[in-house]
Amino acid sequence: MEARAKMMGHPVHQMLIVFPLGLLGMSVVFDFVYMGSDDMVFSVVAYWMMVAGIAGGLLAAPFGLIDWSAIPTGTRAKRVGAMHGMGNVVVLLLFIVSVLLRDGAEAPPPASAYLCSFAGVALSLVTAWLGGELVDRLGVGVHDDANLDAPSSLGHTHARADHAPHVR
């Protein structure tokens, strides 16, 4: 099933999600560098990366919701998409709380801010895998003849076997 929200023939959601994933993930890297160096510039960079990543996530979300709404009810793709979307809402909330706990870019972050952002990046790995499952395994947004009820790629050594051409 093709994506509903497209730009120049490509799914908009898939184009936009790279920004929040990269920014939020790198914010945690900069937090680790700050912890190791005690140089506030790394904490400031982490803060602004989070702010930009949250903005990017809020921009990407409506396009994902548009595509998810087109998935037929009762399919595995609809369930995986719901877990992906709700998980990403939690990811954004965790990073929003982390930003709010930081009390601006110039103050050293409290441990609770780190806890939220580290939990957010860990959960984002799960939701990114679910997004990959939607696209790579189930073909959502990619194939007109997507198998929206394909089994999980975790249970098979050849995740794309159901899409492989038959050779005679």
Once you round to the nearest 0.5 Å, how far does [atom1] of [X] lie from [atom2] of [Y]?
X	Y	atom1	atom2	result
Leu130	Arg79	CG	CZ	12.5 Å
Asp67	Leu134	CG	CG	10.0 Å
Leu59	Phe19	CG	CZ	9.5 Å

Taking side-chain hydrogen bond (donor to acceptor under 3.5 Å, both in side chains) as the test, write out the residues that go with Ser27, two or more places apart.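 With neighbours one apart ignored, the set is empty.
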Any donor and acceptor pair, going by atom type alone, linking the side chain of Lys78 with main-chain N or O of Pro72 inside 3.5 Å?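 Such a contact is absent between Lys78 side chain and Pro72 backbone.
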Using the side chain to side chain contact (heavy atoms under 4.5 Å, CB included) definition, which of the options Leu24, Val18, Ile17 pairs with Leu21? Ile17
For a quick test of your reading: what N or O donor-acceptor pairs under 3.5 Å do the side chains of residues 29-57 make, sequence neighbours left out?
| from | atom 1 | to | atom 2 | distance (Å) |
| --- | --- | --- | --- | --- |
| Asp31 | OD1 | Arg102 | NH1 | 3.1 |
| Asp31 | OD2 | Arg102 | NH2 | 2.6 |
| Ser37 | OG | Val33 | O | 3.0 |
| Ser37 | OG | Asp39 | N | 3.1 |
| Asp39 | OD1 | Val41 | N | 3.2 |

Please report the shortest heavy-atom distance between Ala60 and Leu16, naming the atom on each side. CB-CB, 3.8 Å
Cluster check [X], [Y]: I/L/V/M/F/W/Y, side chain < 4.5 angstrom:
X	Y	answer
Leu58	Val89	no
Leu115	Leu100	no
Met83	Leu93	no

Which residues, ordered by chain and number, are linked to Leu101 in its hydrophobic cluster, where ILVMFWY side chains connect at heavy-atom gaps below 4.5 Å, directly or through other members? Val97
Would Val90 and Leu94 count as a side chain to side chain contact (heavy atoms under 4.5 Å, CB included) here? Give the steps. CA-CA 6 Å; Val90 173; Leu94 285 166; 4.0 Å; yes
Less than 3.5 Å apart, which donor and acceptor atoms pair up between the side chains of residues 117-129 and the rest of the protein, not counting sequence neighbours?
| from | atom 1 | to | atom 2 | distance (Å) |
| --- | --- | --- | --- | --- |
| Ser117 | OG | Ala113 | O | 3.3 |
| Ser117 | OG | Tyr114 | O | 3.2 |
| Ser124 | OG | Val121 | O | 2.7 |
| Thr127 | OG1 | Asn88 | OD1 | 2.7 |
| Thr127 | OG1 | Ser124 | O | 3.2 |

